[in-house]
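What you see is a predicted model, and the numbers here were worked out from it, not measured in a lab. Heads up: numbering here begins at 1 and tracks the sequence.
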Amino acid sequence: WCYDNRLVVCIMKIEYDTEVVVPDWKNQIINEYNMNRDWNIHFYAKIWEMSQTAFDKPREVQVVIDKNEKLFISVGNPGFVSFDGQEETLKGMTIPLREWIHTHPFGSAYFSSTDLKTISMWEPLLENATVLGDKELMSIYFRVGKNGEHFQEYAQFEWVGQEEEE
């Protein structure tokens, strides 16, 4: 189902017998996104936090931001997240996609072989992909050079939580 909250958000069905322990987990992610739609470390940190705390155990969470800044959010199991079986909820997604974000709840921010296969299929329709680990992220930005050549730029960041800043 979809609703409007400064942007339209389509929420995916929760699969894998997931027990939700933070009922407003999706709204928390949405609110962080609405605070600043440009690069926002708090948005990424909130996605990570929800993957760790919103369910019966840490689970992969993914957020797709489409061309119109519409968010598509889903949760998977501890090692995999997908939109398979949820295709009807993707209705209205506009390409190109601005960003595909997902978490690795038991590891660091790196692109697994599964992630790289997904990215290779979506690259022509995707501006960037981001994977989140514990207080870190890695992103791939897809670019086109002056002569039409395609290339990728990688970025990796670590962040300090508020409790560590004080």
To the nearest 0.5 Å, atom CE of Met138 lies from atom CG of Leu132 at 12.0 Å

Fill in: Contact check, side chains of Glu60 and His104, non-hydrogen atoms, under 4.5 Å
yes

Here the gap from Phe72 atom CZ to Asp66 atom CG, rounded to the nearest 0.5 Å, amounts to 5.0 Å

Classify the ring geometry of Trp100 against His102: parallel below 30°, tilted from 30° to 60°, perpendicular beyond 60°.
parallel

Note to self: Is there a side-chain contact between Ile30 and Ile73 in this structure, where contact means two heavy atoms from C-beta onward sitting under 4.5 Å apart?
What the structure shows: yes

### Query
Looking at side-chain heavy atoms only, is the closest gap between Gln28 and Glu32 below 4.5 Å?
no

Q) Is any side-chain heavy atom of Ile65 less than 4.5 Å from a side-chain heavy atom of Tyr33? A) yes

Are Thr118 and Asp115 linked by a side-chain donor-acceptor pair shorter than 3.5 Å? no

So do the side chains of Met35 and His42 get within less than 4.5 Å of each other, counting heavy atoms only? no

ask   = Going by heavy atoms in the side chains, are Asp134 and Trp48 under 4.5 Å from each other?
value = yes

Between the CD1 atom in Ile119 and the OG atom in Ser112, the distance rounded to the nearest 0.5 Å is 8.5 Å

Hits for side chain to side chain donor-acceptor pair (under 3.5 Å) against Asp56, two or more places apart or cross-chain, chain-then-number order -> Arg59

Flag for Gln156-Tyr154: side-chain donor and acceptor within less than 3.5 Å: no

